[in-house]
Every structure is written in structure tokens, then in C-alpha cells.
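In what follows, a structure is listed as C-alpha cells, so that the remarks can point back to it.
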Amino acid sequence: MKRVYFDHSATTQVNREVAELMLEYMTEKYGNPSSVHSFGREARKAVEEARERIAALFNAKPNEIIFTSGGTEADNLALKGVALANRKKGNHIITTGIEHHAIMHTCEYLEKQGFTVTYLPVDENAMIRMEDLKNAITDKTILISIMFANNEVGTIQPIKEIGQLAREKGIYFHTDAVQAVGSHPIDVEELNIDLLSLAGHKFHASKGIGALYVRRGVKLEEIQHGGAHERNMRAGTENVPGIVGLGKAAELAKRDLDKKIAYIKGLRDKLIAGVMEKIPHVKLNGHPESRLPGNANFSFLYIEGESLLLNLDMKGIAASSGSACTSGSLDPSHVLLAMGLTHEVAHGSLRVTLGQDNTEEEVDYFLEVIPEIVERLRSMSPLYGSAAEFKPSNPCSACHHHH
Ligand SMILES: *Cc1c(COP(=O)(O)O)cnc(C)c1O
């Protein structure tokens, strides 16, 4: 059966050039970068070249890059590292209610350690309001951490304005840019970003590698202790194959970025237009313009995203949903709820995320199969027959037949 991958926000295929380079650093150039012999020097050189390539992707300097095991670790290091190093200055952190769990759960942990966290609300498009951010700042605020682009609905935040405000107030600004790196141009100087997290597997490098950009002069405490790797900021023998792959992926991402963005956006817009035209009672979630090029997130009213997902999978199409109904949790995505969606509408959500290797034929195939799936599911839905009288209610009547 034909298989179509529309889940690029979950992970991406490793580029073949990246994989081949990684293989070389596993089987031939396998030295430890800390070793003084030629094998070690060869590995060290490759690590430092990768650092330059990563830095060049968003106008940072190589010595401002710390390699980590991925996006989650980069987020942990940014938040805990800044919090611990600056606690004498203040104990207040500002973030949003729509962050990835790597930020959310780290903030909850820091709250238990005596820090105070403000979770900014968002509007119906998942945008923060600058007014709320201004009002949240106190003389105890040491860090603002706001994601560049949301992983579920794709909304891109006003990063430049946030960076400017943080700079004026002398507060560090961290952004979880895991979804944006490789999908959006980024310049940390222009945007006044002090710390930035990225993850290799979201832009065609491998899983288990990522990085944290830390502007020179930012006070950060290490959270993993051991050897003196990564300028004492992240102990542990470097993941050399992962790092060289990350560097290669950064170089490839930079090449023709605008062209790739335009291509992916073209496919995505065709997909959105097709869904809206062919299927009634559908809502597009996320900001209409300020969103990631490959992201489409819909709510199909009267049905569950999970059922839709399983039916698409039977047709070979891989997507994702914002509903956790079948996994036994009553709560749909915190992001969709923060945007003000009712439980029913949130449960009907489907995330389709496109990448550079997708084709127009794949979009056509999706548009060919989805109307009949939606119609069939709706015909079985207890909510659909009475659509005219449908009233959203909480908690979650869409879930009752499961629980
Ligand atoms: C995927 C993702 C992460 C986590 O990165 P891992 O490398 O999978 O740990 C963090 N934040 C966002 C926005 C993500 O999309």
C-alpha cells in the first residue's frame, strides 16, 4: 500500500547525506574527541565544524552552542540552568500555557523548588498578547521562555517584539525553537534571543541530538555533572555521529530555505483549501498567517481526531491528533484548550504536518480519501444526527461512549 508521511512535527526522515556522514563517524572515524591522538583529533575537528554549521544557521557564534541529547534536554538546561544561576537576582519566570511538555513540566518542577511561574494565556489563534507579557514582568523576573512556533497548531509568536522587550527590561529571553529551526529563517541577533533550543530529528538529523544556543555573557549553571565537555556546561562524551549529522542537516537546511518554505506552504495551502471545500463543519486551528509553512490543524466537528487518525492510517496516511481520548485520558491537548476550544471541538482535531519530500500527488491522495472517512465517521456519530441542536458542553460528552 501507498504510505504517506504527514507527521513532520513529530519527527522527520534522516537525510541520506546526513546518515552516510554519521556512518563514517561510527565505523571509521570513531575516536573520542577528548583523546590527543589522531583518531581523537579527527573527531574533535568534526565536532567543531558541526558547531560552526549550527551557529551559522541562525547567526550565532560557534562558542555559543552547547550540544545536548535533544530538544528536551536543551529546554531543561535553559530553564534550570538560568534559574539556578540567577536565583539571587529573582525567582520569577514567565512562559505560556501552550509550551511543549519539556518546558511545562520543567516549569512545574521549578515551582516546587521555590520559583514562581506565570503561564501567559493565548488568544483563539494561540498567540500571546504583548500587553499580558508586559503586565506579567516584575522586578523578580529573571527569564521569559516563549516558544518560537507551536508544535500542534503551528502558530509563530511575535519573537522580535518579545526579544526587544526582554532586552529593554534586562531579562533573559529563551525560545524553544525546535519546530522553527529549518522551517523558518532565524537570526538571534536581529531577534534579541538569549537562549534557543533545537532538536536534530525535527529537521532531518537523527534522534537523540540537539543543541542549546546560549548568548555570550548569559549566566547559566550546568545541570549534568561530570567531565569538562562543552565548556563545562554539559558533561559526557560527545555524541560525535549525532553532532556531525546535526551540522550537515543545518547546512542542508540553510540551502534554499526560502524555496523549500514556499514549496511546503504551497502544498499545505492546497491541502487546507481542499479540506475546507470538500468537507462541511471543519475549523482550521492556529493563526491564519503567522504559522509554520507545513502545519495544518483542523477540528472536524462531531467526530474524534483519534478515529480519523486510525482510519487515515488504514489508508497509509500518517498524521497526528490533539485528542488523547482512546489513550484513556479525558483531557485533550492543553494547547487547544488554552485557545478556548471546547472539549468536543478539541477532540475532533487532526494535525497534518508536511515536509520537503512530500508531493502534490500525496496531497491529492489525502483529499481523495478524507471526505469519505469523515462522512462515514459522522454517520456513526451520536452527535451528528442532531447537528442542528448540537450544543458544546463540558465535560466531554464526545468521550462518554469510551469510559
Ligand atoms: C519535539 C519537541 C521538543 C522535544 O524535542 P526532543 O528532541 O524530542 O526531546 C521540544 N519542544 C518542541 C516544540 C518540540 O516540538
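In each ligand, atom 1 is the first atom listed, and ligand 1 is the first ligand listed.
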Original post:
Can you check salt bridge (charged side-chain N to carboxylate O under 4.0 Å, His left out) on Arg53 and Glu251, steps first, answer last?
Top reply: CA-CA 6 Å; Arg53 286 172 169 176; Glu251 185 191 85; 3.0 Å; yes
Original post:
Got a donor-acceptor contact below 3.5 angstrom from the Asp256 side chain to the Lys260 backbone?
Top reply: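 No; judged by distance alone, with no hydrogens or angles, the pair does not exist.
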Original post:
Is there a donor-acceptor contact under 3.5 Å from the side chain of Arg291 to the main chain of His287?
Top reply: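 Side chain of Arg291 to backbone of His287: a pair is present.
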Show the short N or O contacts, below 3.5 Å, that ligand 1 makes with protein N or O atoms; if there are none, say 'none'.
| residue | atom | partner | partner atom | Å |
| --- | --- | --- | --- | --- |
| ligand 1 | 7 (O) | Gly71 | N | 2.8 |
| ligand 1 | 7 (O) | His201 | NE2 | 3.4 |
| ligand 1 | 8 (O) | His201 | NE2 | 2.9 |
| ligand 1 | 9 (O) | Thr72 | N | 3.0 |
| ligand 1 | 9 (O) | Thr72 | OG1 | 2.6 |
| ligand 1 | 11 (N) | Asp176 | OD1 | 3.4 |
| ligand 1 | 11 (N) | Asp176 | OD2 | 2.7 |
| ligand 1 | 15 (O) | Gln179 | NE2 | 2.7 |
| ligand 1 | 15 (O) | Lys202 | NZ | 2.8 |

**OP:** Report yes if the side chains of Val282 and Leu284 come closer than 4.5 Å at any heavy-atom pair, otherwise no.
**Re:**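 No. Closest side-chain heavy atoms not under 4.5 Å.
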Original post:
In terms of side-chain heavy atoms, does Thr11 have a donor or acceptor partner in Lys207 at a distance below 3.5 Å?
Top reply: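 Yes, Lys207 and Thr11 have a side-chain donor paired with an acceptor closer than 3.5 Å.
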Subject >> Exercise: do Glu190 and Asn59 side chains pair donor with acceptor under 3.5 Å >> reply: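 Absent: no donor and acceptor within the cut-off.
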